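To start, the structure under review is shown below, and the notes come after it.
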There are 2 protein chains.
Amino acid sequence: MAAKRVGTQDKRPHRKAAPVPSAQEPRLSLERIVATAVELLDAEGVEGLKMRRLADRLGSGAMSLYWHVANKEEVFDLALDSVLEYRGSSQMIESPDWRQAVFHILEDWRASMLRHPWSASLLPRRALGSNILGRLELLGRVLSTAGVEEADLNGAIWSLWNYVMGATITRANFVLSDEDMLAGQQRLAHLSAEYPTIGRARLLLDNDWDGVFRKGLEFLLDGIVPSR
Amino acid sequence: MAAKRVGTQDKRPHRKAAPVPSAQEPRLSLERIVATAVELLDAEGVEGLKMRRLADRLGSGAMSLYWHVANKEEVFDLALDSVLEYRGSSQMIESPDWRQAVFHILEDWRASMLRHPWSASLLPRRALGSNILGRLELLGRVLSTAGVEEADLNGAIWSLWNYVMGATITRANFVLSDEDMLAGQQRLAHLSAEYPTIGRARLLLDNDWDGVFRKGLEFLLDGIVPSR
DNA sequence: ACCTGAACACCGTTCAAGT
DNA sequence: ACCTGAACACCGTTCAAGT
């Protein structure tokens, strides 16, 4: 199990700071590799990302990748961080309504991960890249201005992190095709005998993911931020 | 990405209901395989589980496993479900104090997963086995008696699921050796320039995981269960 | 600096065969 | 019913070499 690190090191031989204009563009570049990796991950999922297939899509030999990245792990780290880049305007975040700002931050984060369903499950296992650290920094700032004491800030951020990650990982893994849906329904009907409460709640069937997410978030915020 | 199913099917050729006493014990058994898989997973993590290594530990050829299980996926499913078996007494759960009962259910669930750090990350991706369904059924029952309306039960269960899963997955992946700890500390010190709020909150450093977990859970329950 | 093919050391699993 | 070894079709990555 890879130990958790914070941030990503650049262990490549040497990288020029700015590309010399006279030099011809290399066929491969970190940016192209990462963008293509994201495409491939979106299309085929985590286990669909293979170095040879990635190289194929890029029109290069499999081994060419290894000049740009150290290994497959680094491809995952880079793809993950790229997907977590904040692309919205900063308007919402500077809203005087802190509650609205927190909702925007967390829902945008969640939406970014759901756009790339492989990303959420990956995030807790990998080093925290700069884009996610930026989002957490922003969250901390808003919570601070909302009145969360410095001593409680760590706990507040982690509570929200835990909730967002749990909700998103669960949602992202719950991609049911219609046939799966049907099969699950039949199975649950059968299971209702053994699990009556779950059956009555129609668990796994009528899941209003977004509604549940917002509601739980309200509850957490009510508790985290002292006076309302 | 494997689609989510509910429950696990038994596709093995034929299984006798009760072992004929006169027949000699087979060298392998599902139980031994699963128990050994859990051992191996505990020792080496998800990527450490290999069919050949598992067979080695069992003192058999690699291919012998395939008479008992369909494939590696099934080994994961079975190991996961076995780890989620409830081993406590049912006393706590029948406590008249529903809040205490919910806490016991969720903390025992969380503890079971933390005892096998590979399990939490696996759970949302796999079919729900009978042991986890049993825990959810129990949770639903307690929430019901606590006064949660039937229409809100689905949302209540999922809110808690999301929170527990997020907290546990994050915690389980955060196993820092001392050197990692030190490296992270230095890195964060360096990062404090870019992320001052995070730095001040000592995020990633002073994490009182259990305390944060309980606190957030209190907040959620305050919101989920109407009158206190 | 950047890219390549051959080759190695694995993996999960199929198959045909043993007892 | 239960177990096995040989073999196949992959994988990630090392290496020595090309331009």
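Excluded from the calculations below are hydrogen atoms, water molecules and symmetry mates; all remaining heavy atoms, backbone and side chain alike, are included. Order of the sequence lines fixes the chain letters, A, B, ..., with proteins taken first and strands second; residue numbering starts at 1 for each chain. This one's a predicted model, so the numbers in the text were calculated from it and none came from an experiment.
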Protein-nucleotides 9-11 of chain C N/O pairs under 3.5 Å:
from   : atom 1 : to      : atom 2 : distance (Å)
C:dC11 : OP1    : B:Lys50 : NZ     : 2.8

key: Residue B:Asn71, side-chain heavy atoms: nucleotide from C:dA1, C:dT13, D:dG12 that is nearest   =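 My answer, after comparing the listed nucleotides, is C:dT13.
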
task = Could you check which of D:dG12, C:dT13, D:dT4 has an atom nearest any side-chain atom of B:Arg27?
result =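 For the B:Arg27 side chain, the nearest candidate turns out to be D:dT4.
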
task = Round to the nearest Å and state the distance from A:Leu54 atom CG to D:dG12 atom P.
result =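 Value for this atom pair: 10 Å.
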
query = Over how many whole Å does the gap from A:Tyr66 atom OH to C:dA6 atom P extend?
reply =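 Result: 18 Å.
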
ask   = If only side-chain N and O atoms of B:Ser60 are considered, is one of them under 4.0 Å from the OP1 or OP2 phosphate oxygen of D:dC3?
value =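 For D:dC3, OP1/OP2 do not have a side-chain N/O of B:Ser60 under 4.0 Å.
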
Short side-chain N/O contact to D:dC3 OP1/OP2 from B:His68, under 4.0 Å =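 Yes, because at least one side-chain N or O of B:His68 sits under 4.0 Å from OP1 or OP2 of D:dC3.
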
Atom pairs and distances, donor-acceptor, side-chain atoms in residues 48-63 of chain A, under 3.5 Å, two or more places apart:
from    : atom 1 : to      : atom 2 : distance (Å)
A:Arg53 : NH2    : A:Glu44 : OE1    : 3.3
A:Arg53 : NH2    : A:Glu44 : OE2    : 3.2

query = Any sub-3.5 Å donor-acceptor pair from B:Ser82's side-chain atoms to B:Ala79's backbone N or O?
reply =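 Yes.
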
message = Using the side chain to side chain donor-acceptor pair (under 3.5 Å) criterion, which residues pair with A:Glu107? Sequence neighbours excluded.
response =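 By the side chain to side chain donor-acceptor pair (under 3.5 Å) rule, A:Glu107 matches A:Arg214.
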
key: side chain to side chain donor-acceptor pair (under 3.5 Å) partners of B:Trp109, counting only residues at least two apart   =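 B:Trp109 satisfies side chain to side chain donor-acceptor pair (under 3.5 Å) with no other residue.
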
task = For the pair A:Trp209 and B:Trp158, name the ring-plane relationship: parallel under 30°, tilted 30 to 60°, perpendicular over 60°.
result =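 Aromatic pair A:Trp209/B:Trp158 classed tilted.
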
message = Restricting to salt bridge (Lys or Arg N to Asp or Glu O under 4.0 Å), what partner residues turn up for B:Arg115, sequence neighbours left out?
response =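 Partners of B:Arg115 by the salt bridge (Lys or Arg N to Asp or Glu O under 4.0 Å) criterion come out as none, since no residue qualifies.
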
request  = Only counting residues at least two apart or in another chain, list the ones meeting salt bridge (Lys or Arg N to Asp or Glu O under 4.0 Å) with B:Asp208.
outcome  =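 Not a single residue meets the salt bridge (Lys or Arg N to Asp or Glu O under 4.0 Å) criterion with B:Asp208.
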
What does the list of N/O pairs under 3.5 Å between the protein and nucleotides 15-19 of chain C look like, with a distance for each?
none

ask   = Under a 3.5 Å cutoff on both atom distances, Watson-Crick or G-U, what's the dot-bracket for DNA chain C ([ ] crossing, | other strand)?
value = ||.|||||...|||||.||

task = Quick one: list whatever passes side chain to side chain contact (heavy atoms under 4.5 Å, CB included) with B:Ser119, sequence neighbours left out.
result =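 Testing B:Ser119 for side chain to side chain contact (heavy atoms under 4.5 Å, CB included), a comparison that skips the adjacent residues, returns B:Leu80, B:Val83, B:Met113, B:His116.
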
Partners meeting side chain to side chain contact (heavy atoms under 4.5 Å, CB included) with A:Ser192 (sequence neighbours left out) =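 If we apply the side chain to side chain contact (heavy atoms under 4.5 Å, CB included) test to A:Ser192, skipping adjacent residues, there are no hits.
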
ask   = Does A:Phe213 have any ring pair (Phe, Tyr, Trp, His ring centres under 6.0 Å) partners at least two apart in sequence or in another chain, and if so, which?
value =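 Listed in chain order: A:Tyr163.
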
Between side-chain atoms of residues 133-143 of chain A and protein atoms elsewhere (two or more places apart, or another chain), which donor-acceptor pairs fall under 3.5 Å?
from     : atom 1 : to       : atom 2 : distance (Å)
A:Arg135 : NE     : A:Leu84  : O      : 2.8
A:Arg135 : NH1    : A:Asp108 : OD2    : 2.9
A:Arg135 : NH2    : A:Leu84  : O      : 3.2
A:Arg135 : NH2    : A:Glu85  : O      : 3.1
A:Arg135 : NH2    : A:Asp108 : OD2    : 3.4
A:Arg135 : NH2    : A:Ser112 : OG     : 3.4
A:Glu137 : OE1    : B:Thr197 : N      : 3.1
A:Glu137 : OE1    : B:Ile198 : N      : 3.0
A:Glu137 : OE2    : A:Arg141 : NH1    : 3.3
A:Glu137 : OE2    : B:Thr197 : N      : 2.9
A:Glu137 : OE2    : B:Thr197 : OG1    : 2.8

